[in-house]
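See structure below.
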Amino acid sequence: PITKLAEWFSLELMADPRYPQLKECSLVVGMHPDEAAGAIVQVAKAVGRPFALAPCCVFARLFPERVLSDGCPVRTYEDLLDWLQGQALGCQR
């Protein structure tokens with residue numbers, strides 16, 4: 001069954017006993033996930049599942065720890081796509 005979570009999505013949510021489906025899912029999906037884009041990739045990697053993500057906003061001020069491989073901060077949408085791709089080696093645009 002398809003499950004939608006109405007929670008602040010994060011890697012820590014996997015430890016919440018109310019959501020065992022996170023560990024059992026076959027796919028992690030985020031469509032315009034706002035701040036959860038990075039967490040979707042983290043959760044998918046943690047459970048060894050594929051993911052589909054249509055990221056939206058960059059939120060550069062909210063996530064100053066997001067930096068590109070050259071050390072530059074993630075500021076643009078293209079930067080965000082590069083950063084997300086760097087978090088999940090082998091993912092495609």
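Following chains of ILVMFWY side-chain contacts shorter than 4.5 Å, one can reach F9 starting from L11, so the two form part of one hydrophobic cluster. By the rule that hydrophobic residues join a cluster once side-chain heavy atoms approach within less than 4.5 Å of another member, L62 and L81 end up as members of separate clusters. Residues F59 and I40 fall into different hydrophobic clusters, defined by Ile, Leu, Val, Met, Phe, Trp and Tyr side chains chained together at heavy-atom separations under 4.5 Å. Grouping the Ile, Leu, Val, Met, Phe, Trp and Tyr side chains by contacts below 4.5 angstrom, directly or via other members, places M14 with F51. Residues L13 and V41 share a hydrophobic cluster, clusters being chains of Ile/Leu/Val/Met/Phe/Trp/Tyr side chains in contact below 4.5 Å.
Atoms CD and OH, on E24 and Y19 in that order, are 14.5 Å from each other to the nearest 0.5 Å. From C56, atom SG reaches atom CE of M31 across 11.0 Å, with rounding to the nearest 0.5 Å. Rounded to the nearest 0.5 angstrom, E7 CD and E12 CD are separated by 13.0 Å.
Panel note: side chain R49, backbone V47; a donor-acceptor pair is recorded below 3.5 Å.
Within the structure, every pair that satisfies the side chain to side chain donor-acceptor pair (under 3.5 Å) test and touches residues 78-93, not counting sequence neighbours, is listed here: T76-D79, E78-R93, D82-R93, Q85-R93.
The minimum heavy-atom distance linking V43 with S10 is given by the pair CG2-O, 3.9 Å. The heavy-atom pair separating A44 from P50 by the smallest distance is CB-O, 4.3 Å. Of all the heavy atoms in L68 and P73, the pair that sits closest is CD1-O, 4.5 Å. Looking at every heavy atom in both residues, A60 comes nearest to V74 through CB-O, 3.3 Å. Of all heavy-atom pairs between A37 and L53, the closest is O-CD2, 3.8 Å.
Annotation: side chain of P55 is in contact with side chain of Y77 (closest heavy-atom distance under 4.5 Å). By the 4.5 Å heavy-atom criterion applied to side chains, L80 and R66 are counted as neighbours. Considering only heavy atoms from C-beta on, L84 stays 4.5 Å or farther from C91 through its side chain.
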